[in-house]
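For reference, the structure is listed below as structure tokens.
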Amino acid sequence: MTDQSNNPHDGEDSDEVNPFTMLLRSEEGNNESVPLQNQLYNLQSIQSAISIRQLPSQGLSFQLWPAAATLVNLLDGRFHLHPSLSAFLAGKRVRILELGSGTGVVGIAAAATLGASVTVTDLPHVLPNIQFNVDLNSGVLENNGGAVDVAALSWGEMKDMEAIGREYDLLLGSDVVYHDHLYDPLLKTLRFFLLGGERKTAFVMAHLRRWKKESAFFKKAKKVFDVEIIHNDPPLDGSRIGVAVYLFVAKSIDK
Ligand SMILES: C[S@@+](CC[C@H](N)C(=O)[O-])C[C@H]1O[C@@H](n2cnc3c(N)ncnc32)[C@H](O)[C@@H]1O
């Protein structure tokens with residue numbers, strides 16, 4: 001099973017990043033593609049490693065992406081102490097929803113490092129590999145008070161969103177802005193979770209800018225959300241651009 005239709009490499013304009021540098025950095029921190037089936041992440045904050053199975057032959061949803069590595073590193077550092085984020089993570093068992101999880105690495109790392117309850121989501125055909133990775137890391141999750149559920153969430157699908165509910169403190173996403181036909185469904189999803197519920201919720205998104213057209217996504221997003229960059233990674237090898245991490249919150253009405 002492949003998901004070529006969502007392939008971010010397929011003949012788009014102004015490719016500012018060599019697609020072959022888009023695969024995840026290896027543990028040593030260089031930017032080589034990782035042909036490994038299983039990738040180990042050492043999480044220093046909990047002195048444990050998580051292991052993630054990739055199935056690259058099955059398509060982009062089954063691989064690890066640089067933006068995911070950035071989010072994992074942030075989670076493993078002082079993520080919960082970041083001034084813009086601490087309000088969403090303080091004083092309770094945090095509930096997190098991850099969009100477009102792919103391999104599940106970010107959600108699993110979030111559950112383990114924050115002792116959080118995380119729902120990781122993606123298209124239905126991606127879920128078995130995510131569940132495999134959750135099960136693979138069940139010991140680390142248990143030891144650190146984290147829990148991960150896996151659920152189908154196709155962006156913009158009201159029945160999926162309603163089934164998942166709005167009881168989240170934080171949404172996470174890495175490398176989810178890459179194909180223009182997905183901008184509106186993703187924005188509809190963000191409006192549902194960030195604007196519709198009782199809880200004040202934020203979306204933290206790690207993003208590697210590949211194409212100029214992506215500015216259309218941010219332009220639309222800024223009509224509804226306050227968007228700030230909370231972290232920048234240095235550029236990947238051979239490119240001018242690194243991963244940026246954005247925080248989206250509902251626009252404050254008193255502006
Ligand atoms: C480039 S991959 C990034 C995966 C993962 N977040 C990472 O950084 O390693 C984009 C992800 O978005 C998911 N995706 C694409 N279209 C989607 C949709 N309409 N609804 C939900 N997820 C979608 C894909 O299945 C894939 O897992």
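All ligand and atom numbering here is 1-based and tracks the order in the structure.
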[X]: heavy atom below 4.0 Å from ligand 1, yes or no?
X	value
Thr103	no
His179	no
Ala67	no

Heavy atoms only: which of [options] lies closest to [atom]?
atom	options	result
atom 18 (C) of ligand 1	Leu208, Leu123, Val106, Asp122	Leu123
atom 9 (O) of ligand 1	Phe62, Trp65, Tyr178	Trp65
atom 4 (C) of ligand 1	Gly100, Gly107, Gly173, Ser154	Gly100

How are the rings of Tyr168 and Phe193 set to each other: parallel, tilted or perpendicular (split at 30° and 60°)?
->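 Perpendicular: the ring planes of Tyr168 and Phe193 meet at over 60°.
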Sidechain N-carboxylate O distance under 4.0 Å for Asp135, Arg53 =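 No salt bridge links Asp135 with Arg53.
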For Asp169, side chain to side chain contact (heavy atoms under 4.5 Å, CB included) partners two or more places apart |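 Asp169 satisfies side chain to side chain contact (heavy atoms under 4.5 Å, CB included) with Lys92, Val94, Arg95, Arg199 once adjacent residues are dropped.
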Name all residues meeting the side chain to side chain contact (heavy atoms under 4.5 Å, CB included) criterion together with His207; count only those two or more places apart in sequence or in a different chain, and write none if there are none.
->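 Partners of His207 under the side chain to side chain contact (heavy atoms under 4.5 Å, CB included) test: Val177, Met205, Arg209, Glu214, Phe218, Tyr246.
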Approximate separation, where rounding is to 0.5 Å, of Leu99 CG and Leu190 CG |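 Result: 6.5 Å between the selected atoms.
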Rounded to the nearest 0.5 Å, how far does CG of Leu187 lie from NZ of Lys223?
->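 So the NZ of Lys223 and the CG of Leu187 are separated by 10.5 Å.
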Compute whether any side-chain donor of one residue and acceptor of the other, for Asn133 and Thr103, lie under 3.5 angstrom apart.
->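 Note: Asn133 and Thr103 side chains miss the donor-acceptor criterion.
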Is any side-chain heavy atom of Leu194 closer than 4.5 Å to a side-chain heavy atom of Phe203?
->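 Answer yes - side chains close enough.
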Which atoms of ligand 1 are found less than 4.0 Å from any heavy atom of [X]?
X	result
Ser61	24 (C), 25 (O), 26 (C), 27 (O)
Leu153	20 (N), 21 (C)
Gly102	4 (C), 27 (O)
Ser101	5 (C), 6 (N)
Ser174	3 (C), 5 (C), 6 (N), 7 (C), 8 (O)
Gln63	9 (O)
Leu60	1 (C), 2 (S), 10 (C), 26 (C)

Heteroatom proximity flag, Trp155 to ligand 1, N/O under 3.5 Å =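 For ligand 1, there is an N or O atom that lies under 3.5 Å from one belonging to Trp155.
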Would you name the heavy atoms of Ile96 and Ala116 that are closest together and state the gap between them?
->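 So the two residues come closest at CD1-CB, 4.0 Å.
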